[in-house]
Enquirer: 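Below is the structure I would like to discuss, written out as structure tokens.
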Amino acid sequence: MIKTPEEYEHRQIESKWRKRWDEENPYEAVVDEGREKRYILAMYPYPSGKAHMGHVACYTLGDVIARYYLSKGYNVLNPMGYDAFGLPAENAAISGGIHPSEWTRNNIGLIREDLKRLGYAYDWSRELSTCEPQYYKWTQWFFLKMFERGLAYKTDAVANWCPSCGTVLANEQVLSDGTCERCETGVQTKWINQWFFKITDYAERLLDDMKLLEGWPERVLTMQENWIGKSHGAEVGFELESTKERIGIYTTRPDTLYGVTFFLLAPEHPLVDRLAEENGKTGEVDEFRRILQGTNRFERTSLEVEKTGVFLGDYVINPVNGERVPVYTANFVLYEYGTGAVMAVPAHDQRDFEFARKYDLPIKVVVQPSGETLVPERMTAAYEDAGVMVDSGGFTGMESEPGKEKVCEYLEQEGAGKRAVNYKIRDWLVSRQRYWGAPIPIIYCDKCGIVPVPEEDLPVILPEDLRLAEGGKSPLPFSESFYGVQCPRCEGEARRETDTMDTFVDSSWYYFRYASPHDDSMPFDLDEARYWLPVDQYIGGIEHAILHLMYSRFFTKVLFDMGLIDFTEPFTRLLCQGMITKDGAKMSKSKGNVVSPGEYMDKLGADTLHLYILFMGPPEISKDWNDRGVEGAHRFLGRVWRMVLDRCLPRLNEGSDADCGRGAHLEMRSLTHMTIKNVTRDIEQYAFNTAVSFIMELVNGIYEYTGEDAVTSPMVVREAMETAIKILSPFAPYITEELWEKIGRKESVHKEPWPEYDENLAKPLEITVVVQVNGKVRDKIAAPAGVHEEEMKALALGSESVRKHTADKEIKKVIVVPGKLVNIVVQ
RNA sequence: GCGAGAGUGGCGGAAUUGGCAGACGCGCGGGGCUUAGGACCCCGUGGUUGAAUAAACCGUGGGGGUUCGAGUCCCCCCUCUCGCACCA
């Protein structure tokens, strides 16, 4: 009877195991002090709908790593959850009339379904969602801890304001053209009273601890370093001529202090109004400000924008030379950086130079480059490099670099200033005038002022029975049942804070919560956290290089300071996966180039998707989706299927093991062991694309070994087949599980140990000696693996092709690279 | 402008320490099997010249250099991608 060959039916196989895995949660993580742990974490998704290719790319990387370490005997924690608060849920409520909570929970259902179909090795019992009160109770708890430690404070600040949405926006919610990502209205700047986290207190530690982050990509560290933006310089006081009050400035160029010819204040600086009033400049200043109001911060800070300003009618005195210089307000001076006031040195600062030319202000050269002499009238740009100080009192003749130090010393002696360090990083604005977020646990009482919600009253529940107010505004300020509250201190009438927290607060600590997601008494169990954390391998998109990763580092340091943990960095290693594009462009609905994982899971299977996405290229580069390529991956899995069922299984009862140390049998064994070696090394280096190609070579080799008329050894066939299935298992979890069962193994393939290789077998049996004459390949000669240098040389010189190329020439030198190559140098 | 990274066949991409450039896959060509094949199995496939699976030459963005030998190291230039962008 002829048996119809069983085909590779991915649908049937994947639904069978999916069901079993669903029931058994086979990757449940349990603390085991006797075993070494690995915490593998891929950034949790924002549930905007079904999974997209970016998710698949990220989570498949985590899956391979988790499954590999499981097989290597580690105790692996690999959890998943949802970043469930945020703006898109409110947008959906506005456009679709669906409540944010319903929209979010529906979407969680959709993406969970996709993630389960994708077959990832998660411990589903640890699933969490940031919009559930059990979770955000602790987000609020952290806010209280920040408040207790003086790290949460409320103040007036300049913020991005969308007049149409009636709320502040985070910088990342403002598009690059300066419009609101939701309604495309031009974003304005506005002064609002807001809650901040004092991340600037941690600037130095965030910078300093980067040396601990050896497992992070260099570019992420560079981006964070630039973001923190530490600079060294001096703080210098200039005296206002009219009132003698001191105005501090920050400069990185104290060596140019003698070149100051005017003085600038940011338009937002409080002194601007006063000086304008005192000197009858109010009209001009108001007009200037009115023009600035019309432009948003992005336009205002664009390099192309002309530098403009208004003279405020007053002067300041330069502390080093007593010179009197005019005070202006100027568009390009930032209030948020330094002191919001700057000394202007047009000869040595391009911005000041442009401003001076426009308003015909004097330019005074105080640093001369070597080899030329700058003359102000002939300068077309500022000279910003180092040189020799001139016209600088006692410092004249000094090199400008050491001059900086000397000027600082002098300033300190005179009490006019001091050395200072400045950072670009600003405090983290955490308030949002939004509904769908964790309420800030603060109460305002007329008598007691700002009162934190007592810990035992947490969580402050976000009422889910409210509808968005008109214009999409948060309903919280209009809901008396929410904001009306008794003061916890005086029991008088009080109001709740109606702002919610930035969703980056939720995600700054979720990786701690996975340690004990159901704990009701603490944000995380200290013992569980001590065992599992820090995260050994974090995986996610490069777009979070600064915000999320920096905030998480900040939170971790605060937790350390609170004595809850004994480490200061949350993520030991970081892998940033590249984008998946289609036709060279980012996938988007508007471009119509979206490829959806669901479609491919139906057509080709989850395994195919895993395999292809890994095979496309190295994890960190961006990769273009190709339908032919994904079909190739599917074809390979079919080939593996047939290899096991049609080629290998029938041969397990054929032939003998008598000759398995010779000829084709030995070659097969050698290939098997070499493949284990190569795949193991490549997985450890995260070179998954080449790991897959080595498995492909093994499969090709097994086909060759089990060819139609070939005599095979059952032991060799079994070893090769089982190895192939096992090492493929992290890349294609379903088909390998099914095949493992089909070959009669009882345990899950994913719980089987990773194979070891025999070093003697994992070496090529024969080497090819490449013979060159003057660096050009002239022959290739097969030789036994252990061939000696002298033998190689003799082989090379005996080659016919070599003789042809060396005839009538003098052999000057013979270079032998053991086991590889002989180069004969002739003249 | 500043910072980081990358340029390898028709395509995605491989190449420990300088040592066979193009592994593996896609695509393409040929063969087998077949009523048929867009399934499957096998073979071939950087370019030029050539009947050739002979032989030679050329080939890793461009130019120069070091070396017996360079995709890899050094210098100059070009292009692309990403990040930051008036931070005083």
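Chain letters run A, B, ... following the sequence lines, proteins first, then strands; residues in each count from 1.
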Enquirer: With a 4.0 Å cut-off on heavy atoms, is A:Asn700 in touch with a base, just the backbone sugar-phosphate, or nothing at all?
Expert: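 Sugar-phosphate, backbone atoms only, no base.
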Enquirer: Restricting to non-hydrogen atoms, name the atom on A:Pro254 and the atom on A:Cys408 that form the minimum distance, rounded to 0.1 Å.
Expert: CG-SG, 3.9 Å
Enquirer: Taking the same atom, C1', in B:rU16 and in B:rA23, what whole-Å distance lies between them?
Expert: 15 Å
Enquirer: Let's see if you can work this out: which of B:rA56, B:rA14, B:rC20 has an atom nearest to the side-chain heavy atoms of A:Val777?
Expert: B:rC20
Enquirer: Please state whether the phosphate of B:rA56, meaning OP1 or OP2, lies under 4.0 angstrom from any side-chain nitrogen or oxygen of A:Arg778.
Expert: yes
Enquirer: Nearest to the side chain of A:Lys820, which nucleotide is it out of B:rC68, B:rU17, B:rA14?
Expert: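 Closest nucleotide among those given: B:rU17.
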Enquirer: Indicate syn or anti for B:rG9, taking the glycosidic torsion and treating anything within 90° of 0 as syn.
Expert: syn
Enquirer: Closest to the A:Phe332 side chain: B:rC86, B:rC20, B:rG83?
Expert: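 Out of B:rC86, B:rC20, B:rG83, the nucleotide with an atom closest to A:Phe332's side chain is B:rC86.
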Enquirer: Both distances below 3.5 Å, Watson-Crick or wobble geometry, any strand: find the nucleotide opposite B:rU48.
Expert: B:rA56
Enquirer: Looking at the base of B:rA88, is there any donor atom on it, or on the side chain of A:Arg351, that sits under 3.5 Å from an acceptor on the other one?
Expert: yes
Enquirer: Tell whether A:Lys813 reaches the base of B:rC68 with its side chain through a donor-acceptor pair below 3.5 angstrom.
Expert: no
Enquirer: Output the rounded distance in Å from CG (A:Asp682) to C1' (B:rU16).
Expert: 11 Å
Enquirer: Can a donor-acceptor pair under 3.5 Å be found between the side-chain atoms of A:Lys307 and the base atoms of B:rC86?
Expert: yes
Enquirer: In Watson-Crick or G-U wobble terms, both distances under 3.5 Å, what is the partner of B:rA6?
Expert: B:rU79
Enquirer: Got a salt bridge between A:Lys364 and A:Glu323, using NZ or NE/NH1/NH2 to carboxylate O under 4.0 Å?
Expert: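 Salt bridge flag = yes for A:Glu323 with A:Lys364.
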Enquirer: Between B:rU81 and B:rG61, how far is it from one C1' atom to the other, in whole Å?
Expert: 15 Å
Enquirer: Touch check for A:His348, heavy atoms < 4.0 angstrom, all strands: base, sugar-phosphate only, or nothing?
Expert: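 Nothing, no heavy atom under 4.0 Å.
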Enquirer: Determine, for A:Arg351 against A:Glu354, whether the closest basic-nitrogen to carboxylate-oxygen distance falls under 4.0 angstrom.
Expert: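 No, A:Arg351 and A:Glu354 are not salt-bridged.
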Enquirer: Knowing that exactly one of A:Asp385, A:Asp255, A:Val365, A:Ile363 qualifies, which makes a side-chain contact (heavy atoms from CB on, under 4.5 Å) with A:His348?
Expert: A:Val365
Enquirer: Let's test this: given Watson-Crick or G-U wobble pairing with both distances under 3.5 Å, identify the partner of B:rA36.
Expert: none
Enquirer: Which one, B:rC57, B:rC20, B:rA88, comes nearest to the side chain of A:Val333?
Expert: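 The answer is B:rA88, which lies nearest to the side chain.
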Enquirer: 5'-most contact on RNA chain B: A:Lys804 or A:Lys424, nearest heavy atom basis?
Expert: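 Between the two, 5'-proximity favours A:Lys804.
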Enquirer: Let's test this: given Watson-Crick or G-U wobble pairing with both distances under 3.5 Å, identify the partner of B:rA88.
Expert: none
Enquirer: Please tell me which of the listed nucleotides, B:rG19, B:rA56, B:rC68, lies nearest to the side chain of A:Gln772?
Expert: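 Side chain of A:Gln772 sits closest to B:rG19.
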Enquirer: Specify the residue among A:Arg253 and A:Ser801 whose closest nucleotide of RNA chain B lies further upstream toward the 5′ end.
Expert: A:Ser801
Enquirer: Check the angle between the aromatic planes of A:His544 and A:His548 and answer parallel, tilted or perpendicular using the 30° and 60° thresholds.
Expert: perpendicular
Enquirer: Given B:rC87, B:rC20, B:rG19, identify the nucleotide with an atom nearest to the side chain of A:Val817.
Expert: B:rG19
Enquirer: Taking CZ from A:Phe353 and C1' from B:rG1, how many angstroms apart are they, rounded to a whole number?
Expert: 17 Å
Enquirer: For the side chain of A:Asn689, starting at C-beta, report the closest nucleotide among B:rG12, B:rG19, B:rG13.
Expert: B:rG13
Enquirer: If B:rG25 has a Watson-Crick or G-U wobble mate with both distances under 3.5 Å, name it; if not, just say none.
Expert: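 Pair assignment: B:rG25 / B:rC11.
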Enquirer: Nearest of B:rA39, B:rC42, B:rC20 to any side-chain atom of A:Tyr703?
Expert: B:rC42
Enquirer: Could you work out which one of B:rG19, B:rC87, B:rG13 sits closest to the side chain of A:Arg426?
Expert: B:rC87
Enquirer: Contact class for A:Arg681 vs. all strands (heavy atom < 4.0 Å): base, sugar-phosphate, or nothing?
Expert: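 Contact class for A:Arg681: none.
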Enquirer: Of A:Phe636, A:Trp625, A:Tyr600, A:Phe731, which is the lone residue that meets ring pair (Phe, Tyr, Trp, His ring centres under 6.0 Å) with A:Tyr612?
Expert: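 Option passing the ring pair (Phe, Tyr, Trp, His ring centres under 6.0 Å) with A:Tyr612: A:Trp625.
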Enquirer: Please state how far atom CG in A:Leu264 lies from atom C1' in B:rA88, giving the value in whole angstrom units.
Expert: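 Distance, rounded to whole Å: 9 Å.
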Enquirer: When you measure from the side chain of A:Leu334, which nucleotide among B:rC87, B:rC86, B:rC42 comes out closest?
Expert: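 Selected nucleotide (nearest to the side chain): B:rC87.
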Enquirer: Nearest whole angstrom, please: distance from the C1' of B:rC82 to the CD of A:Glu218.
Expert: 15 Å
Enquirer: In whole Å, what separates the C1' atom of B:rC57 from that of B:rG5?
Expert: 35 Å
Enquirer: Look at all strands and tell whether A:Val770 reaches a base, only sugar-phosphate, or nothing, counting heavy atoms closer than 4.0 Å.
Expert: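 Base, at least one base heavy atom under 4.0 Å.
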Enquirer: Apply side chain to side chain donor-acceptor pair (under 3.5 Å) to residues A:Arg651 and A:Thr706 and explain how you reach the verdict.
Expert: CA-CA 8 Å; A:Arg651 287 181 179 269; A:Thr706 58; 5.0 Å; no
Enquirer: Would you say the side chains of A:Asn422 and A:Ser231 form a donor-acceptor pair under 3.5 Å?
Expert: no
Enquirer: Taking the same atom, P, in B:rC77 and in B:rC86, what whole-Å distance lies between them?
Expert: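 Pairwise P distance, B:rC77 against B:rC86, rounds to 27 Å.
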Enquirer: Within the 4.0 Å heavy-atom criterion, would you say A:Lys776 contacts the bases, only the backbone, or no part of the nucleic acid?
Expert: sugar-phosphate
Enquirer: Would you mind classifying the nucleic acid contact of A:Ile695 as base, sugar-phosphate or nothing, using non-hydrogen atoms under 4.0 angstrom?
Expert: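 Contact class for A:Ile695: none.
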